[in-house]
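The structure displayed is predicted, hence computed values, not measured ones.
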Amino acid sequence: MRKIIDIDDQIIPKLKLIAAIENSSVKKVMENAIIWYIEHKKQEQINSMSLVQKEDLGLLLLMQQANPSLLVDEEELFES
């Protein structure tokens with residue numbers, strides 16, 4: 001996906017310098033910065049959650065991994 005982002009003119013030389021130091025492109029430096037920011041914010045949100053919220057999130061993530069096309073009989077469910 002291609003998106004156009006307006007960047008402050010003072011930041012562009014800094015991005016170019018970082019890209020030159022890392023032997024990379026400005027685009028790659030920006031992509032890495034965005035990925036880092038998203039991961040950092042996600043971790044901040046997880047750290048600020050209560051234990052109950054973390055349990056709910058874990059259950060939601062497990063439910064998303066489940067295959068909805070698999071069915072279990074009621075008897076088989078309660079036998080365990």
* **Rounded distance [0.5 Å steps], NZ in Lys54 versus CG in Asn47** => 6.0 Å
* Closest approach of Met30 to Ile7 (non-hydrogen atoms, all atoms of both residues) -> CE-CD1, 3.1 Å
* Are Gln53 and Leu57 close enough that some pair of their side-chain heavy atoms sits under 4.5 Å apart? -> no
* **Ile4 atom CD1, over 12 foreign heavy atoms within 6.0 Å** => no
* To do: Quick one: pull up CD in Glu76 and CG in Leu71 and give me the separation to the nearest 0.5 Å.
  => 10.5 Å
* Looking at CG of Asn32 and OG of Ser25, how far apart are the two atoms once the value is rounded to the nearest 0.5 Å? -> 9.0 Å
* Quick one: pull up NZ in Lys41 and CH2 in Trp36 and give me the separation to the nearest 0.5 Å. => 9.0 Å
* More than 12 heavy atoms of other residues, nucleotides or ligands under 6.0 Å from NZ of Lys14: is that the case? -> no
* When clusters are formed by joining ILVMFWY residues with side-chain heavy atoms under 4.5 Å apart, either directly or through shared neighbours, do Ile11 and Val29 land in the same one? -> yes
* More than 12 foreign heavy atoms under 6.0 Å from CD of Glu44: is that the case here? -> yes
* Asked: Is a donor on one side and an acceptor on the other found under 3.5 Å between the side chain of Asp8 and the backbone of Gln10?
  -> yes
* More than 12 non-hydrogen atoms from neighbouring residues, nucleotides or ligands closer than 6.0 Å to CG on Asp9, yes or no? -> no
* Asked: Take atom CG in Asp6; do more than 12 heavy atoms of anything else shown fall under 6.0 Å from it?
  -> no
* Given the rule that I, L, V, M, F, W and Y join up when any side-chain heavy atoms are under 4.5 Å apart, are Val26 and Ile12 in one cluster? -> yes
* Asked: Given side chains that start at C-beta, do those of Met49 and Gln45 come closer than 4.5 Å, heavy atoms only?
  -> no
* When rounded to the nearest 0.5 angstrom, what is the spacing between CD in Gln64 and CG in Leu59? -> 10.0 Å
* Measure the spacing between CD1 of Ile38 and CD of Gln43 and express it to the nearest 0.5 Å. => 14.0 Å
